[in-house]
Amino acid sequence: TVNFTSNTTTARKDVGSILPNVKNVIAVVSGKGGVGKSTIAANLALALAEGGANVGLMDADIYGPSVPIMMGVRGLRPMMKDVDGKGMIVPMEKHGISLMSIGLLVDEKNAVVWRGPMVSSAIRQFITDVLWGDLDYLIIDMPPGTGDIHLTLLQAVPVTGAIIVTTPQDVALADAKKAIAMFGQAQIN
């Protein structure tokens, strides 16, 4: 177990208006679904919180949210709070972690059938309209792949680190290499 203090440093180069009270943003990505990305994201968040860090876990997988099930908040709904005349979402708290997922806002029996712009809008709301508070780490469980959601999130959020999750099969490794390449592109860097 690693012990953290409130003096956790930040790797951010731009502590600006986007998530200003979050010291480090870690994206957990995979090129392919079903390789354990959400499990890694949840366990990383739990380990950091157990070590004393203030941690948030954002489930950015709009079409297949796993965080509510993995963190035991399935069926619960977050509260709203008025902050300076603006309605803000108060993330769920479980195991010392602040949690936000589309799975907390929609009925899990219904499929989320949204086009790219609606998904991008929801992701932006998770960044700007959730009261994340002071966090040492915000872990973002990204959807599989390298599409529109990834570009929206990675261009809007000051990511300080990324974890690429894969399994040893050739197909999964090929997709993981694409996810790695995504972080080196000029618009993401």
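Environment of CG in Asp170: sparse, with no more than 12 heavy atoms of neighbouring residues, nucleotides or ligands closer than 6.0 Å.
At least one donor-acceptor pair under 3.5 Å links the side chain of Trp132 to the backbone N or O of Phe126. Distance alone, capped at 3.5 Å, is enough to place a donor-acceptor pair between the Thr160 side chain and the Val25 backbone. Formation of a donor-acceptor pair under 3.5 Å by the Lys37 side chain with backbone atoms of Val28 is not found in this model.
Using a 4.5 Å heavy-atom threshold, the side chains of Met92 and Lys94 count as separate. Side-chain contact check for Ile140 versus Ile26: every heavy-atom pair is 4.5 Å or farther apart. With contacts defined as side-chain heavy-atom distances shorter than 4.5 Å, the pair Leu104/Pro68 qualifies. No side-chain heavy atom of Val67 sits less than 4.5 Å from a side-chain heavy atom of Met58. Looking at heavy atoms from C-beta onward, Pro158 lies in side-chain contact with Ile18 at the 4.5 angstrom threshold. You'll find the side chain of Asp59 stays beyond 4.5 Å of the side chain of Ile102, heavy atoms only. Under the 4.5 Å side-chain criterion, counting only non-hydrogen atoms from C-beta, Leu44 is in contact with Ile163. Ile89 has its side chain within reach of Met100: a pair of non-hydrogen atoms, C-beta onward, lies under 4.5 Å apart.
Distance check: Asp136 CG to Asn54 CG gives 5.0 Å after rounding to the nearest 0.5 Å. Distance check: Leu76 CG to Met71 CE gives 12.5 Å after rounding to the nearest 0.5 Å. Atom CD1 in Ile139 sits 12.0 Å away from atom CG in Leu99 (nearest 0.5 Å).
The side chain to side chain contact (heavy atoms under 4.5 Å, CB included) check on Thr128 picks up nothing, with sequence neighbours excluded. The side chain to side chain contact (heavy atoms under 4.5 Å, CB included) test applied to Leu173 returns Thr166, not counting sequence neighbours. Judged as a side-chain hydrogen bond (donor to acceptor under 3.5 Å, both in side chains), and not counting sequence neighbours, Asn43 has no contacts.
Hydrophobic clustering (side-chain heavy atoms under 4.5 Å, transitive across Ile, Leu, Val, Met, Phe, Trp, Tyr) groups Leu135 together with Ile127. Hydrophobic clustering (side-chain heavy atoms under 4.5 Å, transitive across Ile, Leu, Val, Met, Phe, Trp, Tyr) keeps Tyr137 apart from Met70.
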